[in-house]
Protein chains: 2
Amino acid sequence: MSKDIKNIFHKQGLKFTPQRRAVLKVLQDTQAYLSINRIHTKVKELLPGTGLATVYRSLETLVELELAVKVHLEDGCHSYTLAPEGHRHPIVCTDCSRVIEYTECPIQDISKKLSKKTGVLIKTHFLQLFGKCEECRN
Amino acid sequence: MSKDIKNIFHKQGLKFTPQRRAVLKVLQDTQAYLSINRIHTKVKELLPGTGLATVYRSLETLVELELAVKVHLEDGCHSYTLAPEGHRHPIVCTDCSRVIEYTECPIQDISKKLSKKTGVLIKTHFLQLFGKCEECRN
DNA sequence: GTTGGTGCAAACGCTTTGCATCCAT
DNA sequence: ATGGATGCAAAGCGTTTGCACCAAC
C-alpha cells in the first residue's frame, strides 16, 4: 500500500521523501479540508523543522500525482484534501470542516438535457455542498 | 431604473459615485465573469484615473448590496459578475468566459434525500458548470 | 458643511523562487 | 555520486489599509 504510493512517485522520477510522506499522512489522517497552515502545523508535529515552502511544494506534487485535490472553500481560502476515488462531490460541514464524500452525481443525469437547453456543451462541473453534520447539529 | 439602484445605495447611507457607477456599468455590459484587472481596465476607459483600490472597494460594496457576486474560476482567480436574480447556476464557457445562467436547480430536488443518506443537513451549495458555448464549439 | 469616498503609496499576507546544502536513489 | 528535494530568506503578487484630499448629499 505504501509501496504502491512509493511507486507512483518513482514512476515520475520523483523521490518519496519523509516530508512528502508526512504531508500525505496528514491528509490521510484527516476527514476534512485543511488549509496550508493547518497542514504545516500537523506536518511539523510529525517532522519538526519542515519548512512552509516544502509543504507548498509537496502539495503541488501530490495534486500533480492526483493523490490530493485543491479546492476553494467558501471564505476563499485554499485548502487540500485526499483525492477521492472516482467522481465524487464533497459535503462540507460548515461548523467542523469535516468532509463527507458523496458519490452519486446528480449532474451527469441532467447534463445532456442541459446541453440541449442552453446550447453549451457541458464538459465539467464543480459542485460542493455545505451543511451541518450530525455531530454539529445539536 | 438607474433611480432604483441609486436608492439601493442611499438606503444604506452610501453614495452613488461615478466610480461605483462605472464598475456597475462594466459588469452590466459584459456577459462574463471578469477579473479585477479586467474590470479596472474597463473602468478606466469610462473614468480615467480610477484607482485599483477603488475598484476593490466598489466591488466589495456591490457584493454587500447583492448587486454583484464574487466567484472562484477554475484557475483560482477571483472574478465578479452581476448578481443573478433568484437562485441560479452559471454555465461558464471555458473558451470565451461567457456566462449562461441556468435557473432550474437540480440540487434542491435531491437535497432532502441527500440529507437522509449522509446525515448532513444540507444548507447551501455551490455549483458551477463548465463547457463550450455554441459560438466556441466549431 | 458633513460624512463617506477616492487616490496614492505603503503595508500586508499568502505564495513562489533562488541558492546553497542535503539526502533518497 | 548525482540529481532531485529541502530550508531559509528574499522576492513577488494580489489585496487591504492609512491618510490627506475631494465630492455627493
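Lettering of chains follows the sequences in order, A, B, ..., and the numbering in each one begins at 1.
End-to-end axis angle for the helix from C/dG1-D/dC25 to C/dT25-D/dA1, using five pairs per end and rounding to 10°, comes out at 40°.
The side chain to side chain contact (heavy atoms under 4.5 Å, CB included) test with A/Val26 singles out one residue from A/Val55, A/Thr41, A/Leu82, A/Leu34, and that residue is A/Leu34. With respect to A/Ile39, the side chain to side chain contact (heavy atoms under 4.5 Å, CB included) criterion is satisfied by exactly one of A/Thr30, A/Leu52, A/Leu27: A/Leu27.
Protein atom CD of B/Glu60 is 9 Å distant from nucleotide atom C1' of D/dT16, rounded to whole Å. One interatomic measurement links the two molecules: OH of B/Tyr80 to P of D/dG14, which rounds to 14 Å at whole-angstrom precision. Rounding to whole angstrom units, OH of residue A/Tyr56 and P of D/dC13 are separated by 16 Å. Going from atom NZ of A/Lys15 over to atom P of D/dA5 covers 6 Å, rounded to whole Å. Between the CG atom of B/Leu52 and the P atom of D/dG14 there is a distance of 10 Å, given to the nearest Å. Rounded to whole angstrom, the span from the CZ atom of A/Phe16 across to the P atom of D/dA5 amounts to 13 Å.
When distances run from any side-chain atom of B/Lys6 to the nucleotides D/dA5, D/dG18, D/dC25, the shortest one goes to D/dC25.
Here the side chain of B/His40 pairs a donor or acceptor atom with the backbone of B/Thr50 at under 3.5 angstrom.
Cluster annotation: A/Tyr80 and A/Val69 are assigned to distinct hydrophobic clusters (Ile/Leu/Val/Met/Phe/Trp/Tyr, side-chain heavy-atom contacts under 4.5 Å, transitive). In the hydrophobic clustering of ILVMFWY residues, with side-chain heavy atoms under 4.5 Å counting as a link, A/Leu59 and A/Leu65 come out together.
At least one side-chain heavy atom of B/Asp29 sits under 4.5 Å from a side-chain heavy atom of B/Lys25. Using a 4.5 Å heavy-atom threshold, the side chains of A/Gln28 and A/Ile5 count as touching. Within the 4.5 Å cutoff, no side-chain heavy atoms of A/Val120 are placed close to those of B/Lys132. A/Arg20 is listed as a side-chain neighbour of A/Leu14, based on a closest heavy-atom distance under 4.5 Å.
Summary of the strand contacts: B/Ala53 and B/Thr17 both lie near DNA chain D, and taking for each the nucleotide with the nearest heavy atom, the more 5' one is attributed to B/Ala53. Mapping A/Arg57 and B/Pro18 onto DNA chain D via the closest heavy atom, the residue that lands nearer the 5' end is A/Arg57.
In summary, contact between chain A and DNA chain C, defined as any nucleotide atom under 4.0 Å from a heavy atom of the protein, begins and ends at C/dC14 to C/dT25 in the 5' to 3' direction.
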